[in-house]
Amino acid sequence: MSVLFFGLLSLPALAANAPSSPSEVRVGVVLFDGVQIIDFAGPYEVFGNAGFGVVTLSHDGKPVTTAMGLTVTPDASFADAPPFDVLLVPGGDVGDAQKDPQVLSFIREHAAGSRHVLSVCTGAFILAGAGLLDGQQATTFTPRIDELARQFPAVNVIRDVRWADNGRIVTAAGLSSGLDAALHVVARLKGTEKAQSVALHLEYDWKPEGGFVRSRMADRHVPRSLDKAVEWPKDLAMSQEFSLGDEQQWRMRFHVTAGTTADDLLQRIAKGIASLPEWTREPGTNRWTADKEGRRVRLELDTTAGSSASDYRLDLRVATTLP
């Protein structure tokens, strides 16, 4: 009896179904060149361990190359796809996919008969391109939230969530958010206890109320318009060494190589910030303040010498306090 009992405890590990396995819930996963691995692999693990039947598809059934160079062979082509209960649209490099008539037509057709449609990360751009998010709330990968709003003004883009649920259509924020949204879909179909069981088996700290939201972090206050406001040197090469923080503070460091000196680069950036009306410079410093979302935000720039005058580090710090 004890052998049988403890054997049952391991059953979830066997739940990731082959495509032909009979299952009460069928999931179709749309793949395309440039797809992000975690966007489909994370939800695949969730749905498979929930006992759902999962089928991966590309338009011609041929292998696709992911955004990180992994080759993935799908189970079927669009033409051979059965109906699905859940349609999963992952993100990645979606520039081509969101305009591909075959991809958009397939998604529209199968979304119509699905109980749930789930996008992950920039997969929201594909759903929006198919017209499925018009009048719906939607979110996406944090650095591209503003772009989603600009490209698709009929979509009610929201920023402060890990996933957005419209009842049938669910959009997840970036990357690992797909795990949470997939668990949310499992909870919708099979109950919260089932979803929590799957999360525990995956050793994943799922928070049904939402959990970590990347778009709440303090780097949201860094003015995106600086890209266009600053007259960047034409020979500038800048790579990010780190970017980290929390909701109250953030630090970024960039390795810079350019014919322009560190002081000149700071002056160029300062001139760009001066063109942004909401920011006020503290006299004699490379610090600026602005009032945003009911908080006082301080932005500070500094440089550290490198191996030569044309090789140095640029540091950017953001801190928020109550006024």
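Counting begins at 1 with the first residue of the sequence.
For CE of Met68, the number of neighbouring non-hydrogen atoms (other residues, nucleotides, ligands) closer than 6.0 Å is 12 at most. Counting heavy atoms of neighbouring residues, nucleotides and ligands inside a 6.0 Å radius, atom NZ of Lys292 exceeds 12 of them. More than 12 heavy atoms of other residues, nucleotides or ligands lie within 6.0 Å of CZ in Arg188, so this atom counts as buried by the packing criterion.
Partners of Asp100 according to the salt bridge (Lys or Arg N to Asp or Glu O under 4.0 Å) rule, which considers only residues two or more places apart in sequence or in another chain, do not exist here. Contacts of Asp33 classified as salt bridge (Lys or Arg N to Asp or Glu O under 4.0 Å), with partners at least two apart in sequence or in another chain: none. Leu70 is linked by a side-chain contact (heavy atoms from CB on, under 4.5 Å) to Ile37, Thr66, Val72, counting only residues two or more places apart in sequence or in another chain. Shown here are the salt bridge (Lys or Arg N to Asp or Glu O under 4.0 Å) partners of Asp315, two or more places apart in sequence or in another chain: Arg253. In this structure Phe212 satisfies the side-chain contact (heavy atoms from CB on, under 4.5 Å) test together with Arg162, Arg214, Met217, sequence neighbours excluded. Residues satisfying the side chain to side chain donor-acceptor pair (under 3.5 Å) test with Glu147, not counting sequence neighbours, are Arg144, Gln151. In this structure Glu241 satisfies the side chain to side chain donor-acceptor pair (under 3.5 Å) test together with Arg313, sequence neighbours excluded. Applying the side-chain contact (heavy atoms from CB on, under 4.5 Å) rule to Thr257 yields the partners Ala237, His255, Asp311; only residues at least two apart in sequence or on another chain are considered. Under the rule for a salt bridge (Lys or Arg N to Asp or Glu O under 4.0 Å), Asp302 has no partner lying at least two apart in sequence or in another chain.
Salt-bridge annotation for Asp291 and Arg296: present, with a side-chain N of the basic residue lying under 4.0 Å from a carboxylate O of the acidic one. Of the charged side-chain nitrogens involved, at least one lies within less than 4.0 Å of a carboxylate oxygen, so that Asp264 and Arg268 count as a salt-bridged pair. A salt bridge between Asp160 and Arg216 is present, with a side-chain N of the basic residue lying under 4.0 Å from a carboxylate O of the acidic one.
Side-chain atoms of Arg168 come within 3.5 Å of backbone atoms of Ser114 as a donor-acceptor pair (strictly under, hydrogens ignored). Between the side chain of Trp232 and the backbone N or O of Asp227 there is at least one donor-acceptor pair closer than 3.5 Å. Without hydrogens or angle criteria, Thr65 side chain to Gly69 main chain gives no donor-acceptor distance under 3.5 Å. In terms of modelled atom types and a separation under 3.5 Å, the side chain of Thr171 and the main chain of Ala124 share no donor-acceptor contact. Side-chain atoms of Thr139 never come within 3.5 Å of backbone atoms of Trp163 as a donor-acceptor pair (strictly under, hydrogens ignored). Looking at Arg108, its side chain does come within 3.5 Å of a backbone N or O of Ala130 through a donor-acceptor pair. Of the possible polar contacts, one joining the Ser275 side chain to the Gly272 backbone as a donor-acceptor pair under 3.5 Å is found. At distances below 3.5 Å, at least one donor-acceptor pair connects side-chain atoms of Ser23 with backbone N or O atoms of Gly53.
Tracing side-chain contacts under 4.5 Å through hydrophobic residues (I, L, V, M, F, W, Y), one reaches Trp288 starting from Leu265; they form part of the same cluster. In the hydrophobic cluster analysis, where Ile, Leu, Val, Met, Phe, Trp and Tyr join through side-chain heavy atoms closer than 4.5 angstrom, Met238 is grouped together with Ile273. Linking Ile, Leu, Val, Met, Phe, Trp and Tyr residues whenever their side-chain heavy atoms come within less than 4.5 Å leaves Leu175 and Phe47 in two separate clusters. The hydrophobic cluster containing Val213 does not contain Val318, counting ILVMFWY residues as joined when their side-chain heavy atoms lie under 4.5 angstrom apart, directly or transitively. Both Leu301 and Val222 sit in one connected hydrophobic cluster of ILVMFWY residues. Membership requires side-chain heavy atoms under 4.5 Å apart, directly or through other members.
Counting all heavy atoms, side chain and backbone alike, Trp250 lies closest to Ser243 at NE1-OG, 2.8 Å. Heavy-atom minimum distance, Leu314 versus Thr303: CD1-CG2, 3.9 Å. Closest heavy-atom contact between Val185 and Leu118: CG2-CD2, 4.5 Å. Between Thr140 and Cys121, the closest heavy-atom pair is OG1-O, 2.7 Å. Across every non-hydrogen atom of Ala258 and Ser310, the tightest pair is O-CB, 2.7 Å. Listed here is the closest heavy atom pair of Ile145 and Ser215: CD1-CB, 4.2 Å.
The residue from Phe32, Phe84, Phe106 that alone fulfils the ring-ring contact (aromatic ring centres under 6.0 Å, His included) condition with Phe78 is Phe106. Screening Val94, Val89, Val35, Asp93 for a side chain to side chain contact (heavy atoms under 4.5 Å, CB included) involving Thr122 leaves a single residue, Val94.
Within the 4.5 Å cutoff, no side-chain heavy atoms of Thr304 are placed close to those of Tyr312. Side chains of Arg317 and Gln249 form no contact here, defined as non-hydrogen atoms less than 4.5 Å apart. In this structure, the side chains of Ser225 and Leu276 come closer than 4.5 Å at one or more pairs of heavy atoms. Between Leu236 and Lys234 there is no side-chain heavy-atom pair separated by less than 4.5 Å. You'll find the side chain of Leu31 reaches within 4.5 Å of the side chain of Phe40, heavy atoms only.
Leu322 forms part of no hydrophobic cluster, judged by ILVMFWY side-chain heavy-atom separations under 4.5 Å.
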> Are Arg26 and Phe52 close enough, and set up right, to give a side-chain contact (heavy atoms from CB on, under 4.5 Å), and what steps lead you there?
Replying inline: CA-CA 6 Å; Arg26 293 170 296 182; Phe52 297 179; over 6 Å; no
> Can Lys99 and Asp96 be said to form a side-chain contact (heavy atoms from CB on, under 4.5 Å), step by step?
Replying inline: CA-CA 5 Å; Lys99 300 174 184 176; Asp96 291 335; over 6 Å; no
>> Working note: Gln136 + Asn156, criterion side-chain contact (heavy atoms from CB on, under 4.5 Å); need CA distance, chi angles, decisive distance, verdict.
In response: CA-CA 6 Å; Gln136 305 278 312; Asn156 180 13; over 6 Å; no
> Is there a side-chain contact (heavy atoms from CB on, under 4.5 Å) between Thr192 and Val186 once you walk through the steps?
Replying inline: CA-CA 8 Å; Thr192 301; Val186 171; over 6 Å; no
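Side chains of Glu45 and Asn49: a donor-acceptor N/O pair is present below 3.5 angstrom, by distance only. Between the side chains of Asp85 and His116, not a single donor N or O lies within less than 3.5 Å of an accepting N or O. A donor atom on one side chain and an acceptor atom on the other are not found under 3.5 Å apart for Asp60 and Ser77.
Sorted by first and then second residue, the salt bridge (Lys or Arg N to Asp or Glu O under 4.0 Å) pairs with a member in residues 124-142 form an empty list; sequence neighbours excluded. Applying the salt bridge (Lys or Arg N to Asp or Glu O under 4.0 Å) test to pairs two or more places apart or on separate chains, those with a residue in residues 190-203 are Glu24-Lys190.
How far OG1 of Thr289 is from CD of Glu278: 11.0 Å, rounded to the nearest 0.5 Å. Of the inter-residue distances, the one linking Arg295 atom CZ with Thr320 atom OG1 reads 4.0 Å to the nearest 0.5 angstrom. Expressed to the nearest 0.5 Å, how far CD of Gln98 lies from CD1 of Ile107 amounts to 11.0 Å.
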